[in-house]
Amino acid sequence: IERERLRKNESSSSSSSSPSASATATATASGGKPPHPIYPRSLLRHPSLVRTRIGDASVQPEDCKPEFLPILRSGAWADIGFRGSMEDVYICTDSFVNDYGGKNPIEGPAAFYAVFDGHGGKHAADFACQHLPRFIFEDDDFPREIERVIASAFAQTDCAFAKACMLDADLASGTTALAALVIGRFGSRETRRGPNENR
């Protein structure tokens with residue numbers, strides 16, 4: 001009896017002339033909600049969520065230039081521990097172009113950080129702290145040949161300190177170093193590739 005009454009109600013509401021009543025009857029019969037009159041029931045996707053084939057992409061990687069360039073900031077802290085004197089030194093240079101100059105233009109971040117752990121005295125650590133950055137940044141090939149320039153700067157620092165120790169035996173000490181160089185873009189594309197390399 002209950003089923004018969006529901007069927008009569010559905011047939012009477014579906015024969016009604018009101019569009020909202022027929023939508024309600026359709027939705028009730030299908031077990032869902034009636035469609036929203038303003039928002040259609042289609043799925044809208046953000047363009048970043050739609051898969052694109054590589055062949056359809058119009059932007060080439062070489063043409064992309066990031067708009068965001070980070071600003072580097074650093075800080076340092078030293079603790080002497082149980083020793084009688086501090087033998088360690090450090091460099092925190094967030095913009096070495098401003099602090100040391102440089103022969104070749106660098107666009108973007110350009111920072112240099114280093115820790116020199118003195119052994120048997122502080123002289124070698126101080127010497128490396130003062131001279132290593134200069135040997136790096138005054139090299140004509142910096143920053144185009146970073147690996148060669150840094151290896152050369154460490155060797156030059158070592159040789160220069162050995163000569164200084166020959167002149168003054170009181171300087172004799174050692175140091176280990178940990179250095180980090182952060183560099184953004186530098187020069188033009190032709191400068192990075194070299195004049196004889198193909199594009």
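As a basis for the values below, the full set of heavy atoms in this structure was taken, side chains included, without hydrogen atoms, waters or symmetry mates. In what follows, residues are counted from 1 in the order of the sequence shown.
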For the student: nearest non-hydrogen atoms of [X] and [Y], plus distance:
X: Ala128; Y: Thr157; result: CA-CG2, 3.8 Å
X: Asp88; Y: Lys122; result: O-CE, 4.2 Å
X: Ser173; Y: Gly120; result: CB-O, 3.5 Å
X: Phe135; Y: Gln156; result: CD2-OE1, 2.8 Å
X: Met86; Y: Ile80; result: N-CD1, 3.4 Å
X: Val89; Y: Ala125; result: CG2-O, 3.3 Å

Would you compute the distance between atom [atom1] of [X] and atom [atom2] of [Y] and round it to the nearest 0.5 angstrom?
X: Tyr113; Y: Thr93; atom1: OH; atom2: OG1; result: 8.0 Å
X: Cys165; Y: Phe127; atom1: SG; atom2: CZ; result: 8.0 Å
X: Glu87; Y: Thr175; atom1: CD; atom2: OG1; result: 9.5 Å
X: Ser152; Y: Glu145; atom1: OG; atom2: CD; result: 10.5 Å

Under 4.5 Å between any side-chain heavy atoms of [X] and [Y], yes or no?
X: Ile91; Y: Pro133; result: yes
X: Phe154; Y: Val149; result: no
X: Thr176; Y: His119; result: yes
X: Phe112; Y: Leu132; result: yes

| message | Run the side chain to side chain contact (heavy atoms under 4.5 Å, CB included) test on Trp77 and Asp79 for me, step by step, so that the C-alpha distance in whole Å, both residues' side-chain angles and the decisive distance to 0.1 Å come before the verdict. | response | CA-CA 7 Å; Trp77 176 73; Asp79 184 8; 3.5 Å; yes
So if you build clusters from Ile, Leu, Val, Met, Phe, Trp, Tyr with side-chain heavy-atom gaps below 4.5 Å, do Leu181 and Phe116 land together?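 In one cluster: yes.
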What is the ring orientation for Phe96 with Phe137, classed by angle as parallel under 30°, tilted 30 to 60°, or perpendicular over 60°? parallel
Is the shortest distance from a Lys or Arg side-chain nitrogen in Asp139 or Arg148 to a carboxylate oxygen in the other one below 4.0 Å?
yes
